[in-house]
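Only a predicted model underlies this, so the values are computations on that prediction, with no experimental measurement involved. In what follows, every chain begins at residue 1, and chains take the letters A, B, ... in the order their sequences are listed.
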Amino acid sequence: MEKASVLQSYSQTIPASMLVSAAYDGDAEKVVLKFYDPRNQEIHLWIDDTGHKPYCYSKASIQDLSILKDRKDIIEMKKEQKKDLISDTIIDVTKIIATNPLAIGGTSEDGIRNQIDAWEADIKYYENYLYDKGLTVGAFYEVKDSKIIPLHNPLPSDMLEALNPLLQVASPESKERLREQAELLSQSLVTIKRVSVDIEVTSSVEDRIPNPREAEEKVIAVGMVGSDGRKEVHLPDKGNDSSLQSPSEFEIVAHEDEKALLREVFRRISDYPFILTFNGDDFDLPYLYNRAKRLGFTKEEIPLSLGRDFASVKKGVHIDLYKTFSNRSIQIYAFGNKYSEHTLKGVSKGILGRSKIEFEGSISSLSPQELASYCYRDAELTFSLTSFSGDLLMKMLIVLARISKMPMDDVARVGVSQWIRSMLYFEHRRVGAIIPRRSEIEAKGGAVSEAVIKGKKYRGGLVFEPNAGVHFDVSVLDFASLYPSIISVHNLSYETVLCPHQDCRDNLLPGMKNWVCRKRKGIASMAIGSLRDLRLQYYKPLSKKDSLEEDEKALIGVVSQALKVILNASYGVMGAEIFPLYCLPVAEATATIGRFVITKTIEKCKEGGITVVYGDTDSLFLKGPTDEQIAGVMSWASKELGVALDLDKHYRFVAFSSRKKNYMGVLPDGTVDIKGLTGKKSHTPIFVKEIFQEAVNILSKVKSEGEFGQAREEIKTEVKKGYQNLKNKRVSLEHLAFNVMVGKEVGQYKSIPQHIKAAKLLDKGEREIKMGDIISYVKTKTPPGVKPISLANVEEIDQEKYLETLRSTFDQLLDALGYEFDEILGATKLEDFFWQS
DNA sequence: ATCTGTGGCCACCAGC
DNA sequence: GCTGGTGGCCAC
């Protein structure tokens with residue numbers, strides 16, 4: 001194996017650099033590696049000087065195809081020669097594929113050609129290059145004499161201890177894998193030096209975002225907020241305004257002209273290894289680039305480069321937070337759904353509790369002072385999104401880069417399916433396996449089960465009919481990482497499910513006619529399994545300990561969270577067409593075994609005399625079980641089913657309506673869990689939510705059956721009060737607004753839902769309704785029955801509709817408690833109430 | 001331009 | 001008026 005060589009070498013030794021990014025530069029045919037040195041807070045560039053494209057062939061294919069032994073040969077070979085090579089080696093290759101269980105199908109000449117093509121295409125996956133050089137993204141390296149040496153990180157002793165039971169029983173292969181993963185994930189999380197950049201541009205046409213390709217309009221402000229304390233706004237046109245003064249929070253830097261401003265901003269951008277923007281890929285950075293060119297800057301003078309749909313910093317890393325916060329996995333798992341609109345305004349309001357400065361009219365009408373404050377706030381919010389909770393987001397990105405083997409800026413840009421793709425491709429290279437083509441996997445066929453919901457591909461999790469009513473003393477058990485555990489325990493992977501071996505055919509999966517390989521551990525099963533083991537054996541138990549130091553606790557929390565994200569998605573991607581290792585039989589087998597597991601467990605509970613009041617996919621609600629009973633079920637599940645069952649929580653009482661995925665539970669400390677009820681959903685009007693919340697507060701105080709009567713009276717008062725307010729028009733439009741997101745492009749709708757109707761009323765001018773926008777509308781008595789709040793009037797509110805909403809929202813709650821909504825209101829019929837005083 | 005899955009509830013739309 | 005379909009939001 002060739003030694004790593006570098007074109008640009010540094011005389012001094014960098015003690016601990018972190019590889020944050022690697023990219024193949026197609027034009028220069030070179031690989032650019034970027035290392036972050038936390039001590040010097042700089043990015044060091046290392047460029048491969050071999051003059052060859054990075055190697056792209058897996059070890060097995062190279063070893064097996066003796067004729068291709070020298071990889072340089074094939075790289076330099078002409079197209080015609082490659083054709084010959086293919087026909088010469090076709091027999092050999094066929095043999096290899098036939099004997100290699102990891103390589104399914106592909107025995108035709110066409111198949112081989114496709115394989116070679118795929119290898120070539122693979123060149124762009126520079127991860128190969130990294131793998132050949134023994135480098136992993138996010139890990140620490142020592143750079144000595146122009147050589148990059150991985151820094152060995154011994155496993156912390158507590159981790160070794162926690163993993164020991166697993167390491168004892170594991171095969172040498174999985175043992176090594178687990179150790180490697182553990183070492184990487186336990187490396188420290190460095191603080192990254194960075195600066196946020198936000199620009200403001202004049203707009204000649206009102207409400208029109210200037211085109212960054214043309215960059216015709218002037219840059220009138222650039223805000224920068226850095227981790228080193230930099231807080232400034234750059235303005236062009238010094239001297240125009242002598243009254244301009246820096247406020248206390250930040251500094252105003254005025255320049256001679258726009259050109260001088262850009263020059264200075266570029267100089268500062270080059271000072272930082274990481275640049276943060278909100279939508280900088282599509283707007284701020286391309287705008288700066290093209291504007292600079294328009295003003296006569298040469299390419300070399302601009303520290304930026306533009307891709308097709310992203311922008312990067314030549315000697316650093318650019319992270320576009322807009323893309324990061326648009327990522328659903330990040331939104332839900334990392335930030336607990338605290339924001340719903342993917343704008344700087346929406347995200348910062350949800351996460352930081354602060355927002356943009358609002359103003360009327362166009363940006364050009366602001367005074368320089370106001371403009372500076374506005375621009376500063378945007379830059380400050382952008383920076384704060386990476387710094388809150390002790391740099392939580394930056395740390396999360398480092399950990400995700402380590403797990404996914406993907407550069408940090410890519411992690412921040414792409415979705416979870418690509419993280420997992422990168423992770424699994426890396427695993428293929430580790431074991432020297434050929435990465436299969438989609439058609440080879442698809443040859444296994446589709447699903448055999450029928451989905452409950454029309455239009456879905458296969459049957460998913462089981463949801464049980466809840467026992468309607470109030471249940472005291474309920475314990476909730478759930479399977480820890482059920483689907484990843486099933487994938488791990490049952491060896492589920494695209495190449496092992498329905499494997500080609502005759503003697504595996506009797507190795508049937510529980511509850512299925514499909515079989516699984518018993519000769520070989522599946523790649524996906526191994527990769528997902530090792531992450532699951534780490535999370536369940538080490539990170540999850542540790543995150544519950546209070547004895548940890550702050551720093552340690554933060555690291556554990558971040559890693560644990562990141563593992564959860566990846567593990568949760570790893571099952572889903574197997575059933576997603578966009579995933580290159582898409583394999584329906586794997587997704588289906590996972591869900592089928594899941595149903596088998598929960599069904600058997602419920603049967604077991606019933607045998608033991610335990611009442612199961614509810615269950616959904618991987619959770620069981622048990623009524624008043626003894627500690628021994630719980631322990632019994634747990635040990636039975638882990639022994640018989642191979643999945644760990646945890647005691648998740650204990651409810652003082654749970655109230656189920658007759659609906660699935662709809663309940664309310666009160667924990668011993670009075671905390672209330674509300675699941676699926678309309679009163680908690682984000683689109684429900686605040687007016688309804690507030691009354692609902694009051695009712696929930698009242699219920700949370702109930703400790704015994706006898707106290708419900710009192711609670712009922714109190715709820716009655718609250719609901720009546722709310723309804724009186726509605727009737728007397730004392731409720732504001734904002735409180736009456738339904739807030740619904742535009743889920744698709746306006747033209748794509750097959751029917752016109754209410755929120756779109758409302759938005760179209762708004763849409764008199766050229767203003768378009770964008771996907772992701774949240775429309776606030778109220779229901780009115782006059783056609784078409786809805787109006788955006790900005791156009792509506794309190795007088796035209798359809799009170800009857802709101803009473804309906806109130807009723808159905810409360811029915812979900814009151815059903816469970818055995819009351820009627822009308823009873824609560826004190827009227828027998830809706831109309832009766834309506835005509836009451 | 002971007003994309004992990006299925007199950008379930010609710011309100012409304014559109015066609016009969 | 002009934003009913004299947006659509007769209008949104010949520011549980012897991």
Side-chain angles (χ1 to χ4, degrees), chain A residues 281-282 308-310 322-323 326-329 332-333 337 340 342 413-421 447 449-466 476 478-479 481-483 565-579 581-584 586-588 590-592 594-595 598 614-620 648 657-663 673-684 738-745 748-757 770-772 774-775 779 784-786 801 804-805 807-809 811-812:
Chain A
D281 275 341
D282 283 337
R308 218 164 58 89
D309 33 45
F310 66 95
Y322 170 70
K323 288 194 175 141
S326 301
N327 184 320
R328 244 187 105 227
S329 297
I332 294 172
Y333 289 104
N337 236 340
S340 47
H342 303 154
R413 272 190 186 86
V414 301
V416 69
S417 67
Q418 293 184 70
W419 300 347
I420 294 172
R421 185 207 67 181
S449 63
E450 198 180 320
V452 171
I453 299 174
K454 226 176 124 184
K456 301 287 187 186
K457 290 168 287 193
Y458 60 93
R459 186 171 286 247
L462 271 183
V463 189
F464 295 86
E465 199 74 43
V476 182
D478 66 1
F479 292 101
S481 299
L482 178 65
Y483 286 174
V565 174
I566 299 267
L567 285 174
N568 270 311
S570 57
Y571 145 75
V573 294
M574 297 297 173
E577 289 97 334
I578 52 149
F579 187 60
L581 300 176
Y582 168 64
C583 185
L584 264 189
V586 170
E588 186 184 29
T590 311
T592 307
R595 292 195 298 274
I598 193 167
Y614 181 59
D616 183 347
T617 311
D618 63 352
S619 65
L620 305 162
D648 183 32
S657 64
S658 51
R659 302 158 186 84
K660 295 170 175 180
K661 295 183 190 282
N662 257 274
Y663 62 89
D673 267 356
I674 297 169
K675 303 289 182 180
L677 303 183
T678 308
K680 210 192 70 172
K681 291 194 177 183
S682 62
H683 69 266
T684 306
F738 289 85
N739 303 293
V740 181
M741 187 157 56
V742 179
K744 49 174 90 175
E745 296 300 332
Q748 306 281 67
Y749 280 99
K750 289 184 190 166
S751 61
I752 310 297
Q754 294 200 315
H755 63 296
I756 302 298
K757 267 186 194 157
K770 286 198 305 291
M771 211 172 120
I774 289 175
I775 310 292
K779 299 193 182 181
V786 288
K801 272 272 188 289
E804 264 314 309
T805 307
R807 172 209 287 277
S808 72
T809 305
D811 266 351
Q812 292 179 345

Per nearest nucleotide of DNA chain B, the residue lying toward the 5' end, A:Gly572 or A:Glu745, is A:Glu745

Show the distances under 3.5 angstrom between N or O atoms of the protein and N or O atoms of nucleotides 4-6 of chain C.
residue : atom : partner  : partner atom : Å
C:dG5   : OP1  : A:Lys454 : NZ           : 2.9
C:dT6   : OP1  : A:Lys750 : NZ           : 3.4

Heavy atoms only, 4.0 Å cut-off, all strands: where does A:Gln812 land among base, sugar-phosphate and nothing?
sugar-phosphate

Measure from CG on A:Leu620 to P on C:dA11 and round the result to the nearest Å.
19 Å

Is the count of non-hydrogen atoms from other residues, nucleotides or ligands lying under 6.0 Å from A:Tyr458 atom OH greater than 12?
yes

In this structure, how many angstroms lie between the P atom of C:dC10 and the CZ atom of A:Arg328, rounded?
11 Å

When we call it a touch if two heavy atoms are under 4.0 Å apart, what does A:Ser808 touch: a base, just sugar-phosphate, or nothing?
sugar-phosphate

Between A:Glu804 and A:Lys801, is the closest basic N to carboxylate O distance under 4.0 Å?
no

Report the C-alpha separation of A:Thr590 and A:Met574 in whole Å, then their side-chain angles, then the decisive distance to 0.1 Å, and conclude whether the side chain to side chain contact (heavy atoms under 4.5 Å, CB included) test is met.
CA-CA 10 Å; A:Thr590 311; A:Met574 297 297 173; over 6 Å; no

Parallel, tilted or perpendicular: ring planes of A:His683 versus A:Phe738, cut at 30 and 60 degrees:
parallel

Does a sphere of radius 6.0 Å around CD in A:Glu450 hold more than 12 heavy atoms from other residues, nucleotides or ligands, not counting ones at 6.0 Å or beyond?
no

Mark yes when over 12 heavy atoms from residues, nucleotides or ligands other than A:Phe310 sit less than 6.0 Å from its CZ; otherwise mark no.
no

How would you label the contact of A:Lys660 with the nucleic acid (heavy atoms, under 4.0 Å): base, sugar-phosphate, or nothing?
sugar-phosphate

Assign A:Val463 to base, sugar-phosphate, or nothing according to its heavy-atom contacts below 4.0 angstrom with the strands shown.
sugar-phosphate

Students often get this wrong, so: under 4.0 angstrom with heavy atoms, is A:Ile752 touching a base, only sugar-phosphate, or nothing?
sugar-phosphate

Steps toward side chain to side chain contact (heavy atoms under 4.5 Å, CB included) verdict (A:Gln754, A:Lys779):
CA-CA 9 Å; A:Gln754 294 200 315; A:Lys779 299 193 182 181; 3.6 Å; yes

What do you reckon, is NZ of A:Lys660 surrounded by more than 12 foreign heavy atoms closer than 6.0 Å?
yes

Which part of the nucleic acid, if any, lies within reach of A:Phe579 when heavy atoms closer than 4.0 Å are counted: base, sugar-phosphate only, or nothing?
nothing

Once rounded to the nearest 0.5 Å, what's the spacing between atom CG of A:Asn662 and atom NZ of A:Lys680?
10.5 Å

Base, sugar-phosphate alone, or nothing: which one does A:Ala451 contact when heavy atoms must sit under 4.0 Å apart?
sugar-phosphate

Which two nucleotides bound the region of DNA chain B that has atoms under 4.0 Å from heavy atoms of chain A, read 5' to 3'?
B:dT2 to B:dA14

Describe the nucleic acid contact of A:Met771 in one word from base, sugar-phosphate, nothing, applying a heavy-atom distance below 4.0 Å.
nothing

Would you tell me if any nitrogen or oxygen in the side chain of A:Tyr663 comes within less than 4.0 Å of OP1 or OP2 on C:dC10?
no

What contact category does A:Lys661 fall into here, base, sugar-phosphate, or nothing, at under 4.0 angstrom with non-hydrogen atoms?
base

Any donor-acceptor pair under 3.5 Å from A:Tyr483 side chain to A:Ala569 backbone:
no

Without decimals, in angstroms, what is the distance between A:Ile453 CD1 and C:dG7 C1'?
13 Å

Hey, does A:Lys770 reach any base, or is it just sugar-phosphate, or nothing, if we go heavy atoms under 4.0 Å?
nothing

Quickly work out the A:Ile774 CD1 to C:dG7 P distance and round it to whole Å.
18 Å

